[in-house]
Amino acid sequence: MLRYLTARFASLAVSLIVASLVIFLALEVVPGDPASFMLGLEASPETVANLRHELGLDAPAVTRYFSWMAGLAAGDFGISYTYRVPVVELILDRIWVSLPLALYALALSTLIALPVGILAATHRGGIADITVMGATQFGIAVPNFWFGMLLVALFALTLRLFSAGGFPGWSDPAAALKALTLPAIALALPQASILSRVMRSSLLDTLDEDYIRTARAKGLNRRQVLWRHAVRNALIPVLTILGLQFSFLISGAIIIENVFYLPGMGRLIFQSIAARDLIVVKNASLLLVMTITVVTFLVDIAYAAVDPRLRKR
Amino acid sequence: MSLLSVEKLSLSIHGTPILDRVSLAVGEGEVLGIIGESGSGKSMTALSILDLLPRGARRTGRIVLEDRELTALSERRMCQVRGQSIGMVFQEPMTALNPVRTIGDQVAETVLVHTDRSRRAALAIAREALDRVGLHADRFPLTRYPHELSGGQRQRVVIAMAVALRPRLLICDEPTTALDVTTQAQIIALLRGLVAEDGMGMIFITHDLGVITGLADRLAIMRAGEVVEAGATREVFTRMRHPYTRKLREASAHVPQRKARAIGATLLETRDLIREYRLPRRTFLEAPQVFRAVDRVSLTVRKGENVGLVGESGCGKSTLSRAVLGLEAAQGGTIALEGARIEAGHAMPRALRRRMQIVFQDPYGSFNPRHRVARLVTEPFHLLEERPDRRERAQRVAEALTAVGLHESDAEKYIHEFSGGQRQRIAIARALITRPELIILDEAVSALDVSIRAQILDLLADLSDRFGVSYLFISHDLGVVRAITDRVYVMKSGRIVEEGETEAVFDHPRHDYTRELVAATPRLDRVLAEMGVG
């Protein structure tokens, strides 16, 4: 078990270093001067030179990379060029919207998908199964921003149960959760559609296994076999998809954040790209990569918890 | 009065008839052997008794266990019968246990499902059951997981699960087919002991007459969903009323007719061949461990000779065959084919590869289902210096197919259109098409039914007579090796422990391991002789 964890942890560290190198190379070393890019075409050479100095671009690339890393280790993400505030503050503000939103959507999607997938698999070919397969087909095909707009039209504009957008902050947790509910549903529905299909097919495979027949021969009824033997084994592929989905929810919520006017990470990166604020882009992207790598690490640990065969390695 | 009696059991699945008026009876302390080839309905008979049939199944007839009519029971009552009154053991021990739960947990579950006992009491009964099947607490604590056990040990766990509550009847469906002969002998001894101790009845389903004859009190022979002959074991073999019984018995002990041939010069020779695998590093800094699967093996095959290589699973015989074919480079030693030597670490030249071909065990997995037979059979043509043109290709495909007893027109078909035996013929055609001097048969008849196996053995004998091809016959089945080979090598843990003329080695084994193998191999003729049936 310890060996497995050490190996997973080593792989986590290596991916982070590689990711930071890729981001650094893409933004600072690849031809094209970041300072003149940030200032646009009309900037005077003096302004560009000043910015180059301010950004430390006159130092060699290796020095710049290590000073960036040293800064990160000390919690210094640099100062945003457009907002003129430390990037840490910008990100901290946003992450308290993005992270809860992603977790909320993930919880919703799991809570919908697992029972629905189990229902469909246990009634294979029946009305429940056909309905689930049809509904999830629809859920996968329809883009989440359109769901979002429908939700706004129905619950905010017509029924007036929710506000159409914006975020009141966490000073009032109930209001904050309420503001995140519609976007979380919009994000969760397509994810739940995919996840319930994975759950269904994985459970169908598991129910065909020899050990299910063994358990039936021991005298377990269908229900006991399902809950005691099938579901846990069927969860292993579901976990993989769940990890991928969380990564998507953290970084890919840009459109939904725009639809609901939420000050999240996606919007921050989007606005920084538009404003050519490379300092924010660089650090925020690395932070996203970090989050995603950590999630992958957690999924690996979850595998080991579910499957004893992995613990031995 | 019988413990279980099955009367006129018929079964259809989605309208397809599977069983036709099957009648059977098992008494207390009695072993009933059900014998039949694949598709004869023997497993479906077992599943019918337990009512664990697939969807769309319709069952008629009577199944009475100790005065209780099982067909009349509700699913809820049937759950009480399964595991408590009837225990069941399946064929495939590697997949019969839930991989994510401990063995103690899985054995205790039988107790927990059927009784009000506490978890602690159930685990105590599980411990006792595991001890009874020979898995003792010091080496097999309840907290072990299935992946930490070998196939034979897993089958013991399945048996412990089945007998934990001392059921009245135990049904075993091919319980030893996936196991090595020595393990098979141990499992059979275990089952025999359990039947004697508990006085339970046992139904033992198998395709192997040798295995069942020494074990069963009574036999039922099944074919195409019917019981064609039944009775006390001795009687069945003395009378052999039904032609199928006779055919089955003959096929089980089939020895193909081979013409006496002059054994020629050395064809294949390996010297001190070594094949090693690197194991994954255990820690980051430590050098990786090396596992030696083939350890300094020297063997020869001469022209016109059939050589056997026997050993149990994991002994390195398939690894050896891959190294000989040049599919994987060896780490030491040499391989020579008619004097052309290949040193370890060098790739095998194509010209040599052409002269050696292989037939694998699995007639289902070794073909690409999307290609037609003509393309499958001509796959080895890439080894030829001069690729034959279209017409010659077609002609050679036709020759190869007719040589193995198929028709020219089969070239245009896809592989799913053929039965297991026919597929194995196609595999042999594929091996023949480059006109090799040596064909390696890696468990090539192990997956086949006895009557099909007899036909394939005849075909192989015929082909070696006609084309002068030699065989290296790799198998765990001593009976088949005895029937078809002149000389034999016995392999254990990567090493050759004994070699010699096949008859001599099997009749007077010198090495302890060979002795153990020979003793564990069930032999129908010997058992029948002991029973006084000629």
**Request:** Select one option (side chain, backbone, both, neither) describing which atoms of B:Leu97 are under 4.5 Å from chain A's heavy atoms.
**Result:** backbone
**Asked** Can you check whether B:Asn98 reaches A:Arg232 side chain to side chain, under 4.5 Å on heavy atoms?
**Response** no
**Request:** Look at B:Arg101, B:Gln84, B:His114, B:Arg76 and state which one has the largest set of heavy-atom pairs under 4.5 Å with chain A.
**Result:** B:Arg101
**Message:** Below 4.5 Å, heavy-atom pairs only: which of A:Ile212, A:Asp307, A:Leu220 has the largest tally toward chain B?
**Reply:** A:Leu220
**Asked** Does B:Leu130 reach the side chain of B:Phe140, with side-chain heavy atoms less than 4.5 Å apart?
**Response** no
**Request:** Anything under 30° is parallel, anything over 60° is perpendicular, the rest tilted; go ahead and classify A:Phe24 against A:Tyr65.
**Result:** perpendicular
**Request:** Walk me through it: do B:Ser48 and B:Arg59 pass the test side chain to side chain donor-acceptor pair (under 3.5 Å)?
**Result:** CA-CA 7 Å; B:Ser48 296; B:Arg59 183 178 68 155; 6.0 Å; no
**Message:** For chain B, which candidate among A:Val306, A:Asn221, A:Asn233 shows the most heavy-atom pairs at distances under 4.5 Å?
**Reply:** A:Asn233
**B:Asp138, CG: over 12 other non-hydrogen atoms inside 6.0 angstrom** = yes
**Complete:** Residues passing the ring pair (Phe, Tyr, Trp, His ring centres under 6.0 Å) test with A:Phe9, sequence neighbours excluded, are A:Phe297
**Prompt:** So what's closer than 4.5 Å to chain A heavy atoms on B:Gln106: side chain, backbone, both or neither?
**Reply:** both
**Message:** For B:Arg55, which atoms come within 4.5 Å of any heavy atom of chain A: side chain, backbone, both, or neither?
**Reply:** side chain
**Structural part of A:Arg124 lying under 4.5 Å from a heavy atom of chain B** = both
